[in-house]
Colleague: 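One structure, as structure tokens, below. Some questions next.
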Amino acid sequence: MKISQFHLATQKEVPNDAEIVSHQLMIRSGMIRKLTSGIYTWTPLGLRVLRKVEQVVREEMDKAGCLELLMPAIQPSELWQETDRWDAFGPLLLKITDRAGREFAFGPTHEEVITDFARAELRSYKQLPICFYQIQTKFRDEIRPRFGVMRAREFLMKDGYSFHMDEASLDSFYQVMFDAYTAIFERLGLLFKAVEADSGNIGGATSHEFHVLADSGEDQLAHVPDTQYAANVERAEGVAIGELDPPQRDLEVVDTPNAKTIDDLVEQFDQPIEKTVKTLVVEAHPDADHELIALLVRGDHELNEVKAEKRPEVASPLTFASDEKIKQATGAHPGSLGPVNLPIPMVVDRQVALMSDFSAGANVDGQHHFGINWGRDVALPAVADLRKVVAGDPAPDGSGEIELIRGIEVGHIFQLGDKYSQAMNAVVMDENGKAMHPLMGCYGIGVSRIVAAAIEQNHDDRGIIWPAPMAPFQVVLLPLNGHKSHRVRETAEDWYQTLTEAGVEVLLDDRNQRPGVMFADAELLGIPHSVVLSDRGLDQGECEYQPRGQARVVMPLEDAKAHLLSLIEH
RNA sequence: CGGGGCGUAGCGCAGCCUGGUAGCGCAACUGCUUUGGGAGCAGUAGGUCGCAGGUUCAAAUCCUGCCGCCCCGACCA
């Protein structure tokens, strides 16, 4: 491609709404343009990258034995009513009405449509297992779209759905998908990590997320380097450390008029923070006999809200109780709560259950208990894993110490079981002629998000540094002063022809631009290989070759050309 | 949805408090010069000042309502 024939639309300045580096670089390089909140046009440049990602995903899915189809983006409300998700999916679902007043949704996901397809198409166990997938535009009316295509409302997703006769088949196919995803992210040249995940509201038991690692990632991941253990912190199991020591101290009530937080307690009364307990009060589940429930974690630990919400006695979504409600129920304000004489039910974190001689609020404003011991001073209530793991915690599988890193979720695989086949009555005949609901798996990849995540992981202060498999072009030719020098221009043209015919994706900067502009654009675009052709170099039979992100080296012309040609031989 | 902020040229912003000719930088266009790190000079073009109503002789500016966008939180590929 010659730039003169292309639509190159780089810019120096960024709109003030572009917060993160990938969004800024996508705007500056001219890959995307915003139409309205959370909705973007992919320019010819950006689309080249998007298509690269899409094609890698497609090839690996095909290789894994999946079959591509294309389902409608617009889906009738009736299907969603069958699974009760028309209302349950909430405001994320974009609803539209046709001229006859019939209701539709712009698909945020396609479980309903694929299950409807399956119940019409699949009749016999002989057709299973089978996996269908599509690469489709989805729409989720996100409460707050942000970060460009990283969290857009309209986005491109690969979603796949498999159907199985039994658990064993689902399990083994799940592994096939796990391996396919691994292959996809390896081929794309991204640093990534597969982690155990919470399955969220899509349902199902086993679930893994695939994360592109980047410091700016929104998700925290717990892992033990060089081992199998990796989990999203939302899900990472907290292991209690140590043993329960016998009481050493007596229970005492201490006046603590100025201690409203754990930090106050630690500072003013010289309590080790590991000997303090935080009491958090949340709304109880509507079916419970109390209105509120207390959750206790060690002073220096944080409540894991996802874990807490999963407790049957806790309301979902997790809602912290108001100060008034707490005061009404306990007689004290939130800063003075503790387990002894607490009139509402509690659940304590595993670590808290192993604490002795600890301090906590006395459920009287301005007073704390010191020297609390379970059993002696208060019965040990229900124990659960409630806390967020921290760096240095032992991994639950005993593999070592947990380290926390950040990632961007780009893929998620689930075992759905028969949730949808049951709800929508999709059945196939088994060997005995008996109807059964096939088990399903569901496998998503955020195709457009991968593009942003890749930039987030691979850039410098000059621009993008594409992993070669995602780059819009492999080579950029920079003929300096090509408009003045026939020799430079013709050499560039010649290389352009040769490389293009050989199948290398070449961008030729044939604009009459000053060198600085050409260099800056080439770096901003992140093209993996650049070659500078100039009169000065040609005099010596040389050019300058630069892999993006590395130093520029002078090379004989023929060596450089041979090197570029070798790029396609793999 | 709750809390905060902003809508003035394609982009970034000033002007608004204290009403009276709409401005700057970048980008664009023309010409000349320049050509190894986002050039210089000269010139040109581009605006229903988010929308509607109100106050006023007069509104980008003051008042009311609406719309849009952005930031912080819950949600997610």
Side-chain angles (χ1 to χ4, degrees), chain A residues 9-20 23-24 27-28 30 33-39 53 57 89-93 107-110 135-160 181 197-202 209-212 218-219 232 234 305-306 309 316-320 407-414 442-453 462-463 478-485 488 511-524 530 532-537 543-544 546 552:
Chain A
T10 56
Q11 52 192 52
K12 276 192 267 191
E13 294 183 69
V14 287
N16 68 352
D17 58 9
E19 256 209 307
I20 61 168
H23 187 192
Q24 292 170 354
I27 298 284
R28 285 194 52 210
R33 295 292 184 230
K34 182 165 80 174
L35 180 61
T36 183
S37 178
I39 301 182
V53 176
V57 170
F89 215 86
L92 232 49
L93 194 60
T109 178
H110 282 69
I135 296 174
Q136 240 291 25
T137 297
K138 310 276 189 186
F139 194 98
R140 293 186 189 171
D141 198 358
E142 291 283 345
I143 295 159
R144 192 150 90 78
R146 57 185 136 175
F147 305 149
V149 298
M150 185 78 88
R151 183 189 292 261
R153 293 197 291 176
E154 186 181 295
F155 58 101
L156 191 66
M157 180 175 172
K158 186 285 297 177
D159 51 327
Y181 274 41
D198 185 72
S199 51
N201 59 9
I202 299 192
E209 290 168 352
F210 286 76
H211 287 261
V212 167
E218 285 193 277
D219 282 309
N232 193 311
E234 287 177 352
E305 301 192 8
V306 175
E309 193 174 297
S316 174
L318 188 79
T319 314
F320 284 95
I408 299 162
E409 185 186 354
V410 289
H412 202 159
I413 58 178
F414 305 82
C442 157
Y443 317 97
I445 287 186
V447 176
S448 44
R449 180 181 280 183
I450 285 175
V451 176
R462 295 180 169 185
L478 307 174
L480 301 193
N481 296 315
H483 282 252
K484 280 252 174 85
S485 165
V488 168
R511 299 174 295 177
N512 181 14
Q513 281 289 2
R514 299 164 63 86
V517 175
M518 295 167 75
F519 295 149
D521 275 345
E523 284 163 332
L524 176 59
S530 67
V532 177
L533 297 166
S534 65
D535 271 319
R536 207 168 76 189
C543 64
E544 292 158 68
Q546 184 176 33
R552 200 176 278 164

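What you see is a predicted model, and the numbers here were worked out from it, not measured in a lab. Chain letters run A, B, ... following the sequence lines, proteins first, then strands; residues in each count from 1.
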Colleague: Looking for any heavy atom pair under 4.0 Å, which part of the strands does A:N481 touch: base, sugar-phosphate only, or nothing?
Modeller: base
Colleague: OP1, OP2 of B:G12 versus side-chain N and O of A:N16: anything below 4.0 Å?
Modeller: yes
Colleague: What integer number of Å spans the C1' atoms of B:A45 and B:G50?
Modeller: 24 Å
Colleague: Would you indicate what A:Q11 reaches in the nucleic acid, counting non-hydrogen atoms under 4.0 angstrom: base, sugar-phosphate, or nothing?
Modeller: nothing
Colleague: Base, sugar-phosphate or nothing for A:E209? Non-hydrogen atoms, less than 4.0 Å.
Modeller: nothing
Colleague: Calculate the interatomic distance between A:N232 atom CG and B:A77 atom P; express it in whole Å.
Modeller: 11 Å
Colleague: Can you see which heavy atom on A:M157 is nearest to which on A:G444, and at what distance?
Modeller: CE-CA, 3.9 Å
Colleague: How far does the C1' atom of B:A77 sit from the matching atom of B:U8, given to the nearest Å?
Modeller: 38 Å
Colleague: Rounded to the Å, how far apart are A:L524 CG and B:G38 P?
Modeller: 15 Å
Colleague: Can you find an N or O donor on one side and an acceptor on the other, under 3.5 Å apart, linking the side chain of A:R144 with the base of B:C1?
Modeller: no
Colleague: What is the nucleic acid contact for A:R28, judged by heavy atoms within less than 4.0 Å: base, sugar-phosphate only, or nothing?
Modeller: base
Colleague: Output the rounded distance in Å from CD1 (A:I39) to P (B:C69).
Modeller: 9 Å
Colleague: Using atom C1' in both nucleotides, what's the gap between B:A14 and B:G25 to the nearest angstrom?
Modeller: 11 Å
Colleague: Please report the closest heavy-atom contact between A:V488 and A:L533, naming both atoms and the distance.
Modeller: CG1-O, 3.6 Å
Colleague: Could you tell me which non-hydrogen atom of A:T36 sits nearest to which non-hydrogen atom of A:K34, and how far apart they are?
Modeller: O-CG, 3.3 Å
Colleague: Can you check the distance between B:G23 and B:A60, where both ends of the measurement are the C1' atom (answer in whole Å)?
Modeller: 12 Å
Colleague: For residues A:M518 and A:P479, report the shortest heavy-atom separation together with the two atoms involved.
Modeller: CE-O, 3.3 Å
Colleague: So is the aromatic ring of A:F519 stacked onto the base of B:G36, judging by whether the centres are under 5.5 Å apart and the planes are under 30° apart?
Modeller: no
Colleague: Roughly, in whole Å, what's the span from CG in A:N512 to P in B:G31?
Modeller: 13 Å
Colleague: Where the side chain of A:L480 is defined as all heavy atoms beyond and including C-beta, which of B:U35, B:G36, B:A77 is the nearest nucleotide?
Modeller: B:G36
Colleague: Looking at B:G65, which nucleotide sits across from it as a Watson-Crick or G-U wobble partner, both distances under 3.5 angstrom, or is there none?
Modeller: B:C51
Colleague: Determine the contact category for A:E523: base if any of its heavy atoms lies under 4.0 Å from a base atom, sugar-phosphate if only primed atoms, P, OP1 or OP2 are that close, otherwise nothing.
Modeller: base
Colleague: I need the CD1-C1' distance between A:I450 and B:A77, as an integer number of Å.
Modeller: 9 Å
Colleague: On the side chain of A:R514, is there an atom forming a donor-acceptor pair with the base of B:G40 - under 3.5 Å, no angle test?
Modeller: no
Colleague: At under 4.0 Å between heavy atoms, what does A:K158 touch on the DNA or RNA strands: base, sugar-phosphate, or nothing?
Modeller: nothing
Colleague: So what does A:V447 hit on the nucleic acid, given a heavy-atom distance under 4.0 Å: a base, only sugar-phosphate, or nothing?
Modeller: nothing
Colleague: Name the residue closer to the 5' end of RNA chain B, choosing between A:G411 and A:K34 according to the nucleotide with the nearest heavy atom.
Modeller: A:K34
Colleague: Is the distance from OP1 or OP2 of B:A77 to the nearest side-chain N or O of A:S448 less than 4.0 Å?
Modeller: no
Colleague: Of A:E305 and A:F155, whose nearest nucleotide on RNA chain B comes first from the 5' end?
Modeller: A:E305
Colleague: In plain terms, say whether A:R151 and A:E218 are close enough for a salt bridge, that is, a side-chain N and a carboxylate O under 4.0 Å apart.
Modeller: yes
Colleague: Considering Watson-Crick and G-U wobble pairs with both distances under 3.5 Å, what does B:C16 pair with?
Modeller: none
Colleague: Counting the atoms with a prime plus P, OP1 and OP2 as sugar-phosphate, which does A:S37 contact under 4.0 Å by heavy atoms, base, sugar-phosphate, or nothing?
Modeller: sugar-phosphate
Colleague: Strictly by Watson-Crick or wobble contacts shorter than 3.5 Å, is anything paired with B:C29, and which nucleotide is it?
Modeller: B:G43
Colleague: If I pick the C1' atom on B:G7 and the same atom on B:G15, what distance separates them, to the nearest angstrom?
Modeller: 15 Å
Colleague: Classify A:A152 by what it touches in the nucleic acid, base, sugar-phosphate, or nothing, heavy-atom distance under 4.0 Å.
Modeller: base
Colleague: Looking for any heavy atom pair under 4.0 Å, which part of the strands does A:R153 touch: base, sugar-phosphate only, or nothing?
Modeller: nothing
Colleague: Figure out the NE2/P separation between A:H412 and B:C75, and round it to whole Å.
Modeller: 14 Å
Colleague: From C-beta outward on A:S534, which listed nucleotide comes closest to its side chain: B:G36, B:C76, B:C75?
Modeller: B:G36
Colleague: Do A:K138 and A:D159 meet the salt-bridge criterion of a basic N to acidic O distance under 4.0 Å?
Modeller: yes
Colleague: What's the CG-P distance between A:L35 and B:G68, to the nearest Å?
Modeller: 14 Å
Colleague: Report yes if a side-chain nitrogen or oxygen of A:T36 is closer than 4.0 Å to either non-bridging phosphate oxygen (OP1 or OP2) of B:C69; otherwise report no.
Modeller: yes
Colleague: If the P atom of B:A59 is compared with that of B:A52, how far apart are they to the nearest Å?
Modeller: 14 Å
Colleague: Taking only the C1' atom of each, what is the distance from B:U55 to B:C6 in whole angstrom?
Modeller: 25 Å
Colleague: Can you give me the closest heavy-atom contact between A:R28 and A:L524, atom names plus distance?
Modeller: O-CD2, 3.5 Å
Colleague: With the criterion being N/O to N/O and under 3.5 Å, what pairs connect the protein with nucleotides 23-28 of chain B, and how long is each?
Modeller:
from, atom 1, to, atom 2, distance (Å)
B:G25, N2, A:E13, OE2, 3.1

Colleague: When you get a sec, tell me which of B:C70, B:C76, B:G37 is the closest nucleotide to the side chain of A:A520?
Modeller: B:G37
Colleague: Out of B:G37, B:C76, B:C75, which has the shortest distance to the side chain of A:R462?
Modeller: B:G37
Colleague: What is the distance from CG of A:L318 to P of B:G73, rounded to the nearest Å?
Modeller: 17 Å
Colleague: Determine whether any donor atom in the side chain of A:D521 lies under 3.5 Å from an acceptor atom in the base of B:G38, or the reverse, and answer yes or no.
Modeller: yes
Colleague: Across the strands shown, which category fits A:V410 at heavy-atom distances under 4.0 angstrom: base, sugar-phosphate, nothing?
Modeller: sugar-phosphate
Colleague: When you compare B:U21 with B:U61, how far apart are their P atoms, in angstrom units rounded to a whole number?
Modeller: 13 Å
Colleague: Quick one: is the NZ or CZ of A:R140 closer than 6.0 Å to the six-membered ring centre of A:F89, and within 45° of its axis?
Modeller: no
Colleague: If you only use heavy atoms from C-beta on, which nucleotide in B:G36, B:U35, B:C76 is closest to the side chain of A:R536?
Modeller: B:G36
Colleague: State whether the distance check finds a donor on one side and an acceptor on the other, under 3.5 Å, for side chain A:R146 versus base B:C72.
Modeller: no
